[in-house]
Amino acid sequence: MGVNADNYYNFSKNIDSNALFLTPLMKENLSDEDIARLQNYKLYWDFYDGYHWDSIPDEDKPQVTENYCRAFVNKFVAFELSKGFNIKVNSEDIDSDIDAEVKTPITDFLNEVWKDNKKLKFCVNLGQEKSITGNGWIQIKYEAPGDFDDPFNEHPKGRIGVRAIPSMVVFPEYDPHDTEKLVKVTIMYPINVEQPRMFNIGSPKLTQVIYKQVYTKDRIQVIQDDVTLVDIPNKYKVIPFVHIANFPEIGKTEGLSDLTDVVPLNVELNLKKSDISEIIDYYSAPVTVVYGASIENLQRGANKIWGGLPKDGKIENLELKSDLVAANNYVDALKQTMHEVSNVPSGALGGEQAISNTSGVALQFVNMPLIDRTRIKRMCTEEGLELTNKIILLMGKMENLITMPKDMTPKDFYSNEVSFPDTLPKDTLIELQEIQMEMKQGLENRIGAMQRLGKENIPKYIKAIDKDMEEHPLVYGINPVQANNVKNVEDYPGGSNSTNNTTQPGGNLNSGLTNGTTPIEQVRKEITGQNMGLGKK
């Protein structure tokens with residue numbers, strides 16, 4: 001079986017994770033440390049998938065499963081990465097003076113690459129892998145024309161592929177003196193290959209062998225069943241893999257899973273829930289106890305009448321004399337402990353909350369444990385995605401997908417910042433009022449304001465607003481006469497160059513402090529002195 005050197009980087013996407021360490025062949029190629037790591041990965045994935053009873057002896061009793069592991073992981077993924085991320089190239093950063101023509105070729109290239117790689121789906125896959133195993137791995141690769149399906153010829157020069165890959169197949173090696181320096185990455189997993197048949201007689205026989213891809217800064221190798229199939233130089237001089245720790249631990253190269261402290265508590269919760277279920281089942285079909293009488297003489301079934309019992313005889317059903325208060329209290333305490341150690345408030349999973357009049361600040365305080373943990377997780381994710389963008393630009397430049405401007409240094413070309421939108425809802429009106437006050441005091445500009453409001457493509461956005469403001473001043477509450485006498489938007493009423501700095505274009509926000517005056521009415525009063533149509537007296 002041969003391997004084309006052009007697609008050496010394509011590993012199987014249909015990997016049976018259980019086969020990675022359950023087969024003796026795989027164990028022979030792993031160290032004890034790697035085996036222990038993969039066993040932890042399998043444990044966490046099993047609990048996420050709902051297999052909570054595999055390691056518990058079967059005692060012929062109810063097996064109740066409340067899968068809090070999946071609920072916690074899904075909440076972390078949604079909270080951290082559900083809205084994707086934004087990219088800012090520092091060399092293309094803008095200031096308060098918007099150029100007539102806004103050009104951001106590097107930012108546009110990165111956004112196009114991520115769009116082509118289904119950024120939101122990628123974020124979910126990466127978030128799941130990070131949260132469950134504690135480690136996320138990203139592979140960046142150039143795909144030449146013909147190596148991928150392109151029926152519409154959208155990528156005649158090829159494209160950059162970005163994939164979140166399973167941590168189970170990645171075996172990294174770090175510099176012993178610098179745990180942040182990645183020196184080697186091995187992708188390894190078992191595959192089934194067809195054995196040659198004599199005279200092509202009989203059914204094909206499949207044999208399991210180990211498949212490896214070995215990456216260093218200098219070389220790339222593909223090894224199958226201890227036979228080297230590909231051995232080529234690494235023309236990029238960089239290992240095309242990025243590691244993102246879920247939650248960092250000092251002195252360790254691996255991250256901490258979000259399920260490390262949850263799994264033991266979830267096991268105890270399931271056991272106690274099962275015990276309660278067994279008690280309820282026992283008393284829902286109770287045992288009948290007969291005192292001082294022979295069972296053979298009693299007819300069984302509904303609508304039967306028993307008589308002639310001995311004087312001291314009696315018949316009764318076993319009854320539950322308790323309402324299981326202690327057991328239920330213990331279960332509730334377990335649930336509360338799980339929420340506390342996982343940093344996921346119970347209300348975040350859909351518990352009942354009185355939030356009809358809860359402000360954004362109060363909502364942040366309620367979810368502060370989740371916000372604090374997510375802030376640290378995002379710190380690691382930002383660094384990893386920024387390095388991923390650098391490798392994307394490097395491959396794109398070397399494969400002639402993007403050109404570095406002649407007047408730009410490599411540092412400026414590769415420098416980028418990744419940020420995440422806020423997950424919790426904001427009080428938009430309060431935010432706008434704060435922005436308006438800061439702009440009046442000269443503490444903020446329109447670019448910063450739009451960044452705080454989560455706007456994208458800000459240069460083009462501002463340019464479109466300026467043009468629309470010139471063409472339709474009435475929509476913004478501006479006197480057309482005044483609009484014809486100013487050259488820049490800063491000269492409009494409320495602008496930074498205006499002598500009448502009492503209102504921004506569009507007027508003050510009606511926050512309840514203007515006695516019911518609407519924004520447009522407030523602007524009319526300031527311009528004409530009366531609440532009438534513009535220019536009328």
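When a residue number appears, it is its place in the shown sequence, counting from 1. Every value quoted in this text rests on a predicted model; they were computed, and no experiment measured them.
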- Message: Using the side-chain hydrogen bond (donor to acceptor under 3.5 Å, both in side chains) criterion, which residues pair with Tyr414? Sequence neighbours excluded.
- Response: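 Tyr414 satisfies side-chain hydrogen bond (donor to acceptor under 3.5 Å, both in side chains) with no residue once adjacent residues are dropped.
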
- Query: Considering the options Thr133, Asp46, Asn135, which one meets the side-chain hydrogen bond (donor to acceptor under 3.5 Å, both in side chains) requirement together with Tyr41?
  - Reply: Asn135

- Query: Can Phe171 and Ile187 be said to form a side-chain contact (heavy atoms from CB on, under 4.5 Å), step by step?
  - Reply: CA-CA 6 Å; Phe171 301 88; Ile187 305 297; over 6 Å; no

- Check side-chain hydrogen bond (donor to acceptor under 3.5 Å, both in side chains) between Thr409 and all other residues, then give those that pass, not counting sequence neighbours. Asp412

Side chains of residues 250-258: which donor-acceptor pairs under 3.5 Å do they make with residues two or more places apart or in other chains?
residue, atom, partner, partner atom, Å
Glu254, OE2, Arg37, NE, 3.3
Ser257, OG, Ser131, O, 3.1
Ser257, OG, Ile132, O, 2.6
Ser257, OG, Leu259, N, 3.0
Asp258, OD1, Asn246, ND2, 3.0
Asp258, OD1, Arg373, NE, 3.0
Asp258, OD1, Arg373, NH2, 2.9
Asp258, OD2, Ser131, OG, 2.6
Asp258, OD2, Lys377, NZ, 2.9

- Would you please indicate yes or no on a ring centroid separation below 6.0 angstrom for Trp45 and Tyr51?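 Centroid distance Tyr51-Trp45: not below 6.0 Å, so no.
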
- Aromatic rings His243 and Trp137: how do their planes relate, parallel, tilted or perpendicular, breaks at 30° and 60°?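 The rings of His243 and Trp137 sit tilted, inter-plane angle from 30° to 60°.
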
- Message: Can you tell whether the side chains of Asp372 and Arg375 come within less than 4.0 Å, N to carboxylate O?
- Response: yes

- Got more than 12 heavy atoms from elsewhere within 6.0 Å of CE, Met398?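 Yes, CE of Met398 has more than 12 neighbouring heavy atoms, counting only those of other groups under 6.0 Å.
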
- Counting distance only, does the side-chain N/O of Asp108 pair as donor-acceptor with the main-chain N or O of Glu112 below 3.5 Å? no

- May I ask you to check if Arg159 and Phe148 form a cation-pi contact, with NZ or CZ under 6.0 angstrom from the six-membered ring centre and within 45° of the axis? yes

- Query: In terms of heavy-atom contacts, does CG of Asp54 have more than 12 from other residues, nucleotides or ligands at under 6.0 Å?
  - Reply: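 Correct, the count exceeds 12.
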
- Message: Between Arg163 and Glu143 (salt bridge meaning N to carboxylate O under 4.0 Å), is one present in this structure?
- Response: yes

- Task: Check whether the side chains of Gln221 and Tyr215 place a donor and an acceptor atom closer than 3.5 Å, and report yes or no.
- Result: no

- Message: I need the Asp218 CG to Lys235 NZ distance, nearest 0.5 Å.
- Response: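 These two atoms lie 15.5 Å from each other.
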
- Could you tell me whether Arg378 and Glu80 have a side-chain N and a carboxylate O separated by less than 4.0 Å? no

- Query: Got more than 12 heavy atoms from elsewhere within 6.0 Å of NZ, Lys118?
  - Reply: no

- Query: Can Gln63 and Ser274 be counted as having a side-chain donor-acceptor contact under 3.5 angstrom?
  - Reply: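 Side chains of Gln63 and Ser274: no pair found under 3.5 Å.
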
- Task: Could you tell me how the ring of Trp114 sits relative to the ring of Phe85: parallel (under 30°), tilted (30 to 60°) or perpendicular (over 60°)?
- Result: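 If you compare the ring of Trp114 with that of Phe85, the planes turn out perpendicular.
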
- Salt-bridge criterion met for Glu268 and Lys272 (N-O under 4.0 Å): yes

- What do you reckon, is CD of Glu180 surrounded by more than 12 foreign heavy atoms closer than 6.0 Å?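 Result for CD/Glu180: open.
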
- Indicate whether any N or O donor in one side chain lies under 3.5 Å from an N or O acceptor in the other, for Asn270 and His52. yes

- Message: Can you tell whether the side chains of Arg446 and Asp466 come within less than 4.0 Å, N to carboxylate O?
- Response: yes

- Query: Is the NZ or CZ atom of Lys335 positioned over Tyr68's six-membered ring, under 6.0 angstrom from the centre and within 45° of the axis?
  - Reply: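 Lys335 over Tyr68 ring: no.
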
